[in-house]
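Every chain is numbered from 1, with letters handed out A, B, ... down the list of sequences. No experiment lies behind these values; they were computed from the predicted model shown.
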2 protein chains.
Amino acid sequence: MTTISEEANSVIDIRRNRLRSSLILELYKAGQTSINKMARLFHASIPSATGIVNDLIKEGWIHETGTGPARAGRPPVLYGLNAQKYFTLIMDINRHDTQLVIFDLANQLIVRRQVDLKLEDAEGFLDALFSKTDAFLKFHGIKPEKLWGIGVSMPGLINAQIGINQTYPNLTRADQSLTARLSEYFQLPVALINDTRATTIGEHRFGLAKEKKHVLTVNIDWGVGLGILVNGEVFTGASGFAGELGHIQVQSDGLLCHCGKIGCLDTVTSGFALIRQAEEGIRLGRITILPQLLQEGERLETHHIIRAAHNGDEFCIDLLSRLGMELGKGIATAVHLFNPEIVIVTGVLAEAGPFISNPVEQAIHKYCLSDFKNSLTVRISQLGSKARLLGIQAHLIEHLVSKEFS
Amino acid sequence: MTTISEEANSVIDIRRNRLRSSLILELYKAGQTSINKMARLFHASIPSATGIVNDLIKEGWIHETGTGPARAGRPPVLYGLNAQKYFTLIMDINRHDTQLVIFDLANQLIVRRQVDLKLEDAEGFLDALFSKTDAFLKFHGIKPEKLWGIGVSMPGLINAQIGINQTYPNLTRADQSLTARLSEYFQLPVALINDTRATTIGEHRFGLAKEKKHVLTVNIDWGVGLGILVNGEVFTGASGFAGELGHIQVQSDGLLCHCGKIGCLDTVTSGFALIRQAEEGIRLGRITILPQLLQEGERLETHHIIRAAHNGDEFCIDLLSRLGMELGKGIATAVHLFNPEIVIVTGVLAEAGPFISNPVEQAIHKYCLSDFKNSLTVRISQLGSKARLLGIQAHLIEHLVSKEFS
DNA sequence: AATAATTATTAAAAAATATTAATAACCATG
DNA sequence: CATGGTTATTAATATTTTTTAATAATTATT
């Protein structure tokens, strides 16, 4: 009877909305289920579940998707989300580029476009993002009213509660948070999340961490990021900074880190550190095919080193191996503190595959108490960068559902 | 209508029991509340909350405790737990001694006795515990039928789900977990928890961590233990080992730890390490009053060192300070990973007060990114060992309530 | 192919619950 | 000290929701 956006102050409305949102969320996660299962799952009676399902059908949220299997007797009618009820706009913002993606509610990728927007050019970034997004939506004929919300992922220290990115303060105005600015311009709800955390959610819902409750995701990009899943939920800490593995000290006499401290893990195991070490080796005349891989005037990148390793270049294999050992030592620390079931390695350096994962695993075995190792597996992500996109999507949907059914 | 122990398969019974247990738990936590507040808190109507309250009164769980203040109008009738409905038996088991305590449901300490039971003498420990507990109960006239359950805290790697203590396997039999053995002998439900975790709960419910959501408790006893509170809940990890701060490597060329690895934090910052360092200093002829504090034939203990420091002994102050610095460095790592609001230092070394806490705080400032420091306070526990007792109690009550109202 | 068995769905009755209204209790103010 | 305002409590009514029973749909078996 009550429409969705009405405020729900009465007890029944609260309970009803709770059941509605649980139902929608369950259908998003499970794809499809029967009324019986839903009723049992949420401790409601079958008639009331039926009632809510029928309402949701009328409102266009869900529809029948066929019948399920039955051991015996009448098979259940299955219901699923109406994937085209809304679309979502995903902004996957990185240091070197930005991706704009449209998903439907069944996580089907509708459109995907890489736009030339570098987070490094913080000045004017948002204005450029606005116009390029407008153009993107227009070009593909996505009507704004068909969008349910915007999911944004970025690297950096993100405080999701107030919706700002501490690392890129230029994106925030004194009177308006980053999410508020985006929300105002596009007139849509916005969910902001750190990139590594998005990846963690993606791996949990669609990847190697499915069904697991305690998960660590190590993202090796320019820095080292740690995504943490506790009881199946992303863990952000008191102000959203949890998981800063990159800036724990691993060498008391190490290099100066860009954060101002000395000997951070970042100075040893990041993509940046890898390139520095490779360049130093080349300068010292170490035997390696690296220089031959470079075009005239081209800068050395991590993918060169990875390619060289795959080609058997001992110098590069050695570099990666040492990086893996150090990284594994850092991960061992995190394992002691979080006691996870699985550690997933992602990021650009994950493409180095066993060259990284083997020494990481070795280091974990060396530095972890045996009690931890028994229940632990270390794996390289198989979803790659798709984990992040799907993670943003999942995070956004959860945000939207809890918002929609207040 | 339905009695408590009946199995609740109907939807109504499930919801009713949920509300009952929420109510009892709220009354345990808050001490007393009005029906109005309870109804609002748990999204129930006032008549149904009234009904449940009346039932609980009939069953002897709660009673009126007076009237509350009112800004205007009729003041509310307050209800509170019937503190004498049941008592709880708390076993605080440590390496050097064991305490048996009886609490009522208002957390009032009824009896407390220190018994001469060393966890170190694992052989025959349980049988001695059984008989000494029997004697304790008999002596104080505690009737077994008045006991609601038993809360047990011990040091060691505890897997609470299966109820065993990995560090003291002698306490477990092949066919029976530790909790099962206790439960069978005393014919009571048993809740087992690690000592540092119990302390963390105690600090959260009754101490410095009240109202905080993300808390770290550092327990410096023979080893270094870390208690973790995430979203107000104790965090145990996948197999119950989370928080093993003591065995992360801090010195790659350090001493051999009893765990078999090298350079663990335990080898630098535990009570054991402190005594070792002090003895070494004495042997090397350092200037200190320590030898004078020792009786003929007495062994050096941590409290000697602490007393010497309080008396201005520079050598001991230096020892504690260096220990604090190293500990702070380890805590800084944990802070980077958990981003807590507060870090509480407890354990025997906490009695060293500022001699420890100052360098700890200093180290945290040195090794933590500024973003973490802004929202962080470091404090020495004020409850002392009482935090652990109250923590076991709180943990037990929660366990019992969720069990009682299935 | 028909029937028994099993399960989903629908409908009607019963129970439980929430809402509304009325009453009681109390505080503050004039 | 009385009265108006405010809030808690109780009672009565209305609504929702569950439960139970009946029906429909389908599979497996004889």
Side-chain angles (χ1 to χ4, degrees), chain A residues 1-3 6-20 22-23 26-27 30 32-58 62-80 405, chain B residues 1-3 6-20 22-23 26-27 30 32-58 62-80 405:
Chain A
M1 223 81 338
T2 50
T3 52
E6 244 176 56
E7 68 257 67
N9 4 28
S10 88
V11 171
I12 357 178
D13 281 358
I14 291 172
R15 295 217 277 240
R16 190 185 165 75
N17 275 339
R18 223 186 246 173
L19 189 52
R20 283 168 62 99
S22 302
L23 252 160
E26 173 65 18
L27 286 180
Q32 50 180 23
T33 359
S34 69
I35 286 185
N36 253 356
K37 273 193 182 168
M38 291 189 257
R40 235 168 309 161
L41 187 59
F42 300 115
H43 300 302
S45 72
I46 289 173
S48 67
T50 308
I52 287 187
V53 163
N54 288 335
D55 283 359
L56 290 173
I57 289 174
K58 250 182 234 148
I62 64 178
H63 51 47
E64 280 191 38
T65 55
T67 54
R71 269 201 320 281
R74 173 172 171 177
V77 174
L78 299 179
Y79 298 87
F405 306 99
Chain B
M1 223 72 347
T2 50
T3 53
E6 245 176 56
E7 68 259 66
N9 5 28
S10 88
V11 171
I12 302 188
D13 282 356
I14 291 173
R15 296 214 278 241
R16 189 183 166 76
N17 275 339
R18 222 186 247 172
L19 188 52
R20 282 168 64 99
S22 302
L23 252 160
E26 172 65 17
L27 286 180
Q32 50 180 24
T33 0
S34 69
I35 286 186
N36 255 357
K37 271 191 183 168
M38 291 189 256
R40 235 169 307 160
L41 187 59
F42 300 116
H43 300 303
S45 72
I46 289 174
S48 65
T50 308
I52 286 186
V53 163
N54 287 335
D55 284 359
L56 289 174
I57 289 175
K58 251 182 235 150
I62 65 179
H63 51 48
E64 281 191 38
T65 56
T67 52
R71 271 199 320 280
R74 173 173 173 177
V77 174
L78 298 180
Y79 298 87
F405 307 98

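Here the side chains of B:Arg16 and B:Asp55 are in contact, with some heavy-atom distance below 4.5 Å. Side-chain contact between A:Leu78 and A:Thr67: absent, with no pair of heavy atoms (C-beta onward) separated by less than 4.5 Å.
Rounded to whole angstrom, the span from the CD1 atom of B:Ile46 across to the P atom of D:dT7 amounts to 13 Å. Going from atom CG of A:Asn54 over to atom P of C:dT9 covers 10 Å, rounded to whole Å. Across the protein-nucleic acid pair, B:Met38 atom CE and C:dA18 atom P stand 15 Å apart, rounded to whole Å. Following rounding to the nearest Å, A:Asp13 (CG) and C:dA18 (C1') show an atom-to-atom distance of 11 Å. In this structure, CG of A:Leu78 is placed 14 Å from C1' of C:dT7, rounded to the nearest angstrom. Rounded to an integer number of Å, the gap from A:Lys37 NZ to C:dT7 P is 13 Å. Protein atom CG of A:Asn36 is 7 Å distant from nucleotide atom P of C:dT9, rounded to whole Å. The separation between B:His43 atom NE2 and C:dT19 atom C1' is 17 Å, rounded to whole Å.
Listed nucleotides C:dT19, D:dT17, C:dT10 differ in distance to A:Ser10; the shortest reach to its side chain belongs to C:dT19. Closest contact between the side chain of B:Pro47 and the listed nucleotides C:dT9, C:dT10, D:dA11 involves D:dA11. Taking every side-chain heavy atom of A:Ser48 into account, D:dT17 is the closest of D:dT17, D:dT19, D:dT9. Of the candidate nucleotides C:dA18, C:dT10, D:dA8, D:dA8 has the atom nearest to the side chain of B:Pro76. The side chain of B:Thr50 lies closest to D:dT10 when the candidates are C:dT10, D:dT18, D:dT10.
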Check: protein-nucleotides 27-29 of chain C nitrogen or oxygen pairs below 3.5 Å:
none

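Shown are B:Leu23, B:Asn54, B:Ile52, B:Ile57; of these, the side chain to side chain contact (heavy atoms under 4.5 Å, CB included) with B:Ile62 is made only by B:Ile57.
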Next item on the list: Evaluate the criterion salt bridge (charged side-chain N to carboxylate O under 4.0 Å, His left out) for residue pair B:Arg18 and B:Asp13; output intermediate values, then yes/no.
Entry: CA-CA 8 Å; B:Arg18 222 186 247 172; B:Asp13 282 356; over 6 Å; no
Margin query: Before you tell me yes or no, could you show the steps for A:Arg20 and A:Leu56 under side chain to side chain contact (heavy atoms under 4.5 Å, CB included), namely the whole-Å CA-CA distance, both residues' side-chain angles and the distance that decides it to 0.1 Å?
Written below: CA-CA 8 Å; A:Arg20 283 168 62 99; A:Leu56 290 173; 3.8 Å; yes
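Each of A:Val77 and A:Ile12 has a nearest nucleotide on DNA chain C; the 5'-most of these lies closest to A:Val77. When the nearest nucleotides of DNA chain D are assigned to A:Thr67 and A:Ala49 by heavy-atom distance, the more 5′-ward of the two goes with A:Ala49.
Residue B:Arg15 places no side-chain N or O under 4.0 Å from the OP1 or OP2 atom of C:dT17.
Listed here is the closest heavy atom pair of A:Leu19 and A:Ala44: CD2-CB, 3.9 Å. Across all their heavy atoms, A:Val53 and A:Ile35 have their closest contact at CG2-CG1, 4.1 Å.
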